[in-house]
Amino acid sequence: QVQLVESGGGLVQAGGSLRLSCTALGRTISRYVMGWFRQAPGKEREFVGRISWSGGNTYYADSVKGRFTISRDNDKNMVYLQMNSLKPEDAAVYYCAADLRDRVDRASILSYDYWGQGTQVTVSS
C-alpha cells in the first residue's frame with residue numbers, strides 16, 4: 001500500500017501561479033508513473049497530466065498544455081505540478097495518483113493504483 005499526500009493548494013487570483021507537491025509516506029515512488037487529476041464540484045474527475053518514472057516524458061490534457069508543467073525529483077521522492085496562468089475554470093480539488101504498472105491508458109482513472117486525498121485550488125477573478 002502507498003499513501004500519497006498532496007500539498008500546496010490555496011487561493012490564487014486569475015493569471016497567477018501555484019505549485020503543488022506530491023509524495024508518499026514511508027514508501028518510494030521513484031519507479032512509479034505518476035499522474036495528476038482534478039475534480040470540480042458537480043464535475044467528473046479529469047486527467048491533468050502524467051510523468052514517466054524517470055521524468056523524461058510528460059503528457060498533458062489539452063486544457064492545461066502550455067500552462068502546467070509536471071516534474072519530479074526522485075532523490076527527494078517528490079512529484080510537482082507547476083500551474084501558471086491560472087484561470088477560474090482551473091479551480092478544483094487536485095489529486096496525485098500512482099500507476100505501478102505503467103498502463104497504456106494514461107488518462108483513465110482506472111489506470112492508477114493509489115490516490116492522495118486531494119488539495120484544494122481556488123482561483124478568483
Side-chain angles (χ1 to χ4, degrees):
Q1 300 294 313
V2 179
Q3 183 176 354
L4 302 177
V5 180
E6 306 96 336
S7 62
L11 174 64
V12 63
Q13 291 186 339
S17 298
L18 206 60
R19 188 198 198 196
L20 307 183
S21 300
C22 172
T23 191
L25 300 180
R27 186 75 172 269
T28 180
I29 57 173
S30 62
R31 297 294 179 177
Y32 299 158
V33 174
M34 301 295 293
W36 286 96
F37 288 75
R38 67 187 183 186
Q39 187 167 23
K43 302 289 187 179
E44 297 180 356
R45 189 169 299 189
E46 66 173 340
F47 173 75
V48 174
R50 177 175 167 105
I51 187 168
S52 62
W53 70 266
S54 67
N57 293 298
T58 55
Y59 308 88
Y60 302 96
D62 289 340
S63 59
V64 306
K65 195 174 299 181
R67 299 187 298 119
F68 291 11
T69 302
I70 300 174
S71 62
R72 69 192 303 164
D73 186 340
N74 286 336
D75 290 336
K76 297 181 179 179
N77 204 36
M78 297 288 290
V79 178
Y80 307 100
L81 178 64
Q82 178 67 47
M83 304 183 292
N84 298 326
S85 301
L86 282 162
K87 305 174 181 179
E89 51 262 43
D90 294 319
V93 176
Y94 282 72
Y95 297 91
C96 177
D99 175 8
L100 277 61
R101 306 298 296 271
D102 193 9
R103 298 174 173 89
V104 174
D105 191 351
R106 58 179 63 93
S108 173
I109 62 173
L110 300 178
S111 295
Y112 297 83
D113 302 283
Y114 299 103
W115 296 81
Q117 294 300 305
T119 185
Q120 177 71 53
V121 173
T122 303
V123 184
S124 62
S125 301

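One-based numbering along the sequence shown.
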Under the side chain to side chain donor-acceptor pair (under 3.5 Å) criterion, do Tyr32 and Arg72 qualify, and how do the steps go?
CA-CA 11 Å; Tyr32 299 158; Arg72 69 192 303 164; over 6 Å; no

After noting the C-alpha distance and the side-chain angles of Tyr80 and Asp73, does the key distance pass the side-chain contact (heavy atoms from CB on, under 4.5 Å) rule?
CA-CA 8 Å; Tyr80 307 100; Asp73 186 340; 4.2 Å; yes

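Within a 6.0 Å sphere centred on CD of Gln82, other residues, nucleotides and ligands contribute more than 12 heavy atoms. The environment of CD in Glu89 is crowded: more than 12 heavy-atom neighbours from other residues, nucleotides or ligands sit within 6.0 Å. Atom CD of Gln120 is surrounded by more than 12 heavy atoms from other residues, nucleotides or ligands within 6.0 Å.
Of the inter-residue distances, the one linking Tyr59 atom OH with Arg50 atom CZ reads 8.0 Å to the nearest 0.5 angstrom. Between the CE atom in Met83 and the OG atom in Ser17 there is a gap of 9.0 Å [rounded to 0.5 Å]. Here the OG atom belonging to Ser52 is positioned 12.0 Å from the CE atom belonging to Met34, to the nearest 0.5 angstrom. Expressed to the nearest 0.5 Å, how far SG of Cys22 lies from CD of Glu6 amounts to 5.5 Å. Once rounded to the nearest 0.5 Å, the distance linking NZ of Lys87 with OG of Ser63 reads 8.5 Å. Rounding to the nearest 0.5 Å gives a distance of 9.5 Å between CG of Asn77 and CG of Leu25.
For the pairing with Phe68, the side chain to side chain contact (heavy atoms under 4.5 Å, CB included) check across Asp90, Asn84, Leu20, Thr58 returns one residue only, Asp90.
With hydrophobic clusters built from ILVMFWY side chains whose heavy atoms lie under 4.5 angstrom apart, Leu18 shares a cluster with Tyr60. If you chain together hydrophobic residues whose side chains sit under 4.5 Å apart, Tyr112 and Tyr114 never meet in one group. When the side chains of ILVMFWY residues are joined at heavy-atom separations under 4.5 Å, either directly or via intervening members, Tyr94 and Val33 end up in two distinct hydrophobic clusters. Linking ILVMFWY residues whenever their side-chain heavy atoms come closer than 4.5 Å, directly or via other members, leaves Val93 and Leu4 in distinct clusters. Residues Ile51 and Val64 share a single hydrophobic cluster, defined by chaining ILVMFWY side chains whose heavy atoms lie under 4.5 Å apart.
With sequence neighbours left out, Tyr95 forms a ring pair (Phe, Tyr, Trp, His ring centres under 6.0 Å) with no residue at all. Applying the ring pair (Phe, Tyr, Trp, His ring centres under 6.0 Å) criterion to Phe47, with sequence neighbours excluded, gives Phe37.
A donor-acceptor contact shorter than 3.5 Å links the side chain of Thr119 to the backbone of Gly9. Judged by distance alone, the side chain of Arg27 and the main-chain N or O of Val2 form no donor-acceptor pair under 3.5 Å.
The side-chain heavy atoms of Ser30 and Trp53, taken from C-beta on, include no pair separated by under 4.5 Å. Counting heavy atoms from C-beta outward, Asp113 and Arg103 have side chains that approach closer than 4.5 Å.
Across Arg38 and Ala92, no two heavy atoms sit closer than the pair CB-CB, 3.9 Å. Ala91 and Ala40 make their closest contact through O-CB, 3.7 Å (heavy atoms, listed as atom of the first residue, atom of the second, distance).
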